[in-house]
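Working notes, beginning with the structure itself.
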Number of protein chains: 2
Amino acid sequence: MTMSNTGGRRRPPTIHDVAREAGVSRGTVSRVLNGGHYVSPSAQEAVNAAIRKTGYVVNRHARSLITGRSDSVGFLLTEPQERFFEDPNFNVLLSACTQALAAHDIPLLLMLAGTEDERRRITRYITAGHVDGVLLVSSHSGDPVAEQLREAGVPLVQCGKPMGLGSKVSYVAADDRDGARDMVRHLLSRGRRRIGMVSGPLDTPGGVDRLAGYKEVLTEAGVEIDERLIVSGDYSRASGEAGCARLLAQAPDMDAVFVASDLMAQGALAALRRAGRRVPEDVSVGGFDDSVAATEATPALTTIRQPYDRISSEMVRVLLAQIGGEDPAAVILPTELVKREST
Amino acid sequence: MTMSNTGGRRRPPTIHDVAREAGVSRGTVSRVLNGGHYVSPSAQEAVNAAIRKTGYVVNRHARSLITGRSDSVGFLLTEPQERFFEDPNFNVLLSACTQALAAHDIPLLLMLAGTEDERRRITRYITAGHVDGVLLVSSHSGDPVAEQLREAGVPLVQCGKPMGLGSKVSYVAADDRDGARDMVRHLLSRGRRRIGMVSGPLDTPGGVDRLAGYKEVLTEAGVEIDERLIVSGDYSRASGEAGCARLLAQAPDMDAVFVASDLMAQGALAALRRAGRRVPEDVSVGGFDDSVAATEATPALTTIRQPYDRISSEMVRVLLAQIGGEDPAAVILPTELVKREST
DNA sequence: TTCTCTACTGTGAACGCTCACAGAGCATCA
DNA sequence: TGATGCTCTGTGAGCGTTCACAGTAGAGAA
């Protein structure tokens with residue numbers, strides 16, 4: 001009669017139906033559902049059979065209403081959206097986080113805070129308790145959203161080291177400084193001495209730390225730091241191109257350049273090509289990330305691999321621990337030099 | 001005393017608190033929350049003031065428990081994950097869908113069905129009613145997940161035309177055939193006659209339709225269809241490179257090639273470069289999608305713009321309509337020729 | 001006046017689950 | 001033997017909403 005055109009979903013079985021089917025009470029079914037402690041093996045078995053038979057799936061809304069947990073997690077991106085489109089790393093991160101959460105049966109809610117309006121709406125949504133915790137991607141410093149969430153006591157794990165170190169916030173990051181050291185040592189081992197650097201934004205720890213590693217190794221090796229060999233970009237391809245062009249203008253004798261992201265390195269390759277420099281014969285190029293941009297570039301980029309899969313799983317691990325009541329934690333993961341054609 | 005280290009969230013205000021504050025009953029508050037019909041202006045005003053004062057946010061779990069709706073939507077990707085990493089279009093689609101839903105205050109749950117196991121879990125999650133509807137990205141034919149969801153009566157909108165046309169399922173797609181026609185006409189207008197094609201997979205409507213458009217225009221123009229000028233790829237960069245190399249081997253006199261995706265076109269450019277052909281002097285290259293891959297390519301690609309932002313907003317519109325009880329609908333959106341350096 | 005209709009408001013009962021509690025059965029120990 | 005523990009089970013209450021229903025007040029018609 002009232003069969004709707006959408007196919008007419010029928011009322012799904014409740015815990016009551018399962019209890020009746022198994023010949024036990026709601027309480028027992030609930031106990032089986034939540035770990036099965038204090039349940040006799042026979043009841044356990046009967047309930048599981050009843051669940052299979054009825055096709056029962058727990059109603060998360062009802063559960064959340066009473067537990068106060070939502071059993072869901074937000075993935076919040078406060079970067080400008082274009083970066084999301086452009087940077088292949090976000091995809092890996094997002095995908096790996098989704099999968100890591102799925103293993104715990106926790107859905108991921110994607111939240112994009114582009115405009116001020118969205119930012120406000122999302123903050124309200126989160127602080128209202130509609131997610132248990134937040135995975136935050138925001139490399140820029142002084143993110144007001146992060147601060148607000150922290151104040152509201154929302155479990156939070158940031159991807160990448162946050163700028164204000166005073167605040168006790170969880171984060172998972174690759175060892176930027178050490179990665180940079182490896183790359184510059186590698187360039188030195190190739191006989192390069194006039195090594196340029198296109199760093200990331202200097203209001204981000206990633207930008208600062210990679211530059212610090214670069215300077216550290218050069219100083220160790222007795223190579224003079226030349227400020228004309230240093231510029232900074234914003235991780236976009238275009239800024240890599242512009243930055244490298246500037247380096248070439250300021251220091252025409254540059255024989256290598258360490259670029260703080262693969263995407264910027266792609267841009268740098270374009271600038272070098274336009275300037276008629278051969279890579280790696282005239283100028284070696286080193287990237288950072290080991291994203292698909294590195295393998296797609298011509299020539300393929302030597303780069304520093306950031307273990308995004310491990311970063312993702314650690315972010316999820318730390319977040320769930322924090323939701324479980326543990327203290328915030330910082331995790332730094334090792335990077336790896338990946339040699340390809342550009343050096 | 002029991003202040004937890006997470007900062008101690010306090011109990012959020014309920015509809016009851018708002019009612020007390022406003023001096024009205026729960027029912028009145030609820031009515032204000034849901035459209036405000038049959039509420040006096042004075043009560044309306046009092047309730048809104050109370051909401052602002054208490055910082056009340058509706059508890060979605062409680063609401064969902066009684067309405068049966070979850071007020072959330074799943075974004076389901078059944079493609080192999082690598083495509084997700086590689087193809088910039090997915091980002092645009094995902095991001096635009098998230099934003100379009102956000103405008104309706106509906107969160108998006110990201111669901112990646114890579115393995116068989118995940119597929120099963122996700123299907124159960126969806127059919128249990130934990131989302132009101134699903135935005136599905138799956139260009140390949142005979143997707144068992146789609147079929148299962150359709151049978152379960154879950155509102156569903158697919159991105160791209162589905163293969164089995166018999167089944168009544170909503171979809172939003174660009175006009176592939178017409179886009180292909182525009183591109184081939186454009187190549188003809190550049191004086192090209194030996195026009196090759198690297199199509200998409202021929203078990204997808206996109207693959208079939210773009211090839212059909214290609215053949216149609218050539219036939220109209222009186223140009224003979226030469227099967228040696230036609231190969232098919234899988235939309236990946238690598239397959240574009242391999243496909244174009246094969247075309248060059250089979251038909252060395254090829255003077256243009258229409259490649260069914262920008263990513264494949266990037267590969268084709270690489271193959272042409274390696275073969276020593278200049279683009280566009282010796283061979284014109286046309287892509288499809290107008291993704292960032294098109295502007296990043298050297299030379300920048302002439303391509304067919306798919307209106308992904310409109311596709312996204314239409315997908316959301318159609319899905320919400322279907323959740324609201326309307327019949328499934330198909331939407332075909334026009335494409336646009338974008339001329340750049342490669343032709 | 002009385003009756004009807006409309007605009008508005010309050011109340012109790014759900015929704016499906018978890019949790020605290022009480023209590024039953026059984027073994028162990030003084 | 002009774003007290004004490006342990007394992008296991010059922011029951012009622014309640015989470016924060018919405019919804020159906022009943023009911024009130026005022027305007028207009030009979």
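As a whole-Å value, the separation of Y38(B) OH from dC19(D) C1' is 15 Å. Atom CD1 in I15(A) sits roughly 14 Å away from atom C1' in dC15(C) (whole-Å rounding). Protein atom NE2 of H37(A) is 13 Å distant from nucleotide atom P of dC19(C), rounded to whole Å. Separating the CG atom of D17(A) from the P atom of dC15(C) is a distance of 11 Å, rounded to the nearest angstrom.
Annotation: proximity of residues 57-71 of chain B to DNA chain C (heavy atom, distance under 4.0 Å) is found for L65(B), I66(B), numbered in ascending order. The stretch residues 49-56 of chain B touches DNA chain D through Y56(B), each having a heavy atom under 4.0 angstrom from the strand. Of the residues in residues 25-34 of chain A, those placing a heavy atom less than 4.0 Å from an atom of DNA chain C are R26(A), S30(A), N34(A), in numerical order.
The structure places CG of L33(A) at 11.5 Å from OG1 of T28(A), a figure rounded to the nearest 0.5 Å.
Under the side-chain contact (heavy atoms from CB on, under 4.5 Å) rule, S95(B) has a single partner from L77(A), L110(A), L112(A), which is L112(A).
Scanning both residues, A100(A) and S313(A), for their nearest heavy atoms gives CB-CA, 4.4 Å. The shortest non-hydrogen separation linking S72(A) to I106(A) is CA-CG2, 3.7 Å. Contact detail for L65(B) and A62(A): the closest heavy-atom pair is CD1-CB, 3.5 Å. Nearest heavy-atom pair across V39(B) and Q44(B) is CG1-N, 3.8 Å.
Between the side chain of S170(B) and the main chain of A330(B), no donor-acceptor pair closer than 3.5 Å is present. Of the possible donor and acceptor atoms, one in the side chain of D132(A) sits under 3.5 Å from a partner among the backbone N and O of S70(A). Checked by atom type and distance alone, the side chain of D17(B) pairs as donor or acceptor with a backbone atom of T14(B) at under 3.5 Å. Without hydrogens or angle criteria, S30(A) side chain to R26(A) main chain gives no donor-acceptor distance under 3.5 Å.
Residues R63(B) and N34(B) meet the side-chain proximity criterion, which asks for heavy atoms closer than 4.5 Å.
Between H130(A) and H61(B), the ring-plane angle classifies as perpendicular under the 30° and 60° cut-offs.
The existence of a salt bridge linking E118(A) and R121(A) is excluded, since no basic side-chain nitrogen approaches an acidic carboxylate oxygen closer than 4.0 Å. Taking the charged nitrogens against the carboxylate oxygens, D105(B) and R124(A) have no contact shorter than 4.0 Å, which rules out a salt bridge.
Where A43(A) and T14(B) meet DNA chain D, the nucleotide closest to each residue was compared, and A43(A) sits on the side nearer the 5' end.
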Under 3.5 Å, N/O pairs linking protein and nucleotides 22-26 of chain D:
none

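T54(A) meets the side chain to side chain donor-acceptor pair (under 3.5 Å) test with no other residue; sequence neighbours excluded.
With axes fitted over five pairs at each extremity, the angle between the ends of the helix from dT1(C)-dA30(D) to dA30(C)-dT1(D) is 60° (10° resolution).
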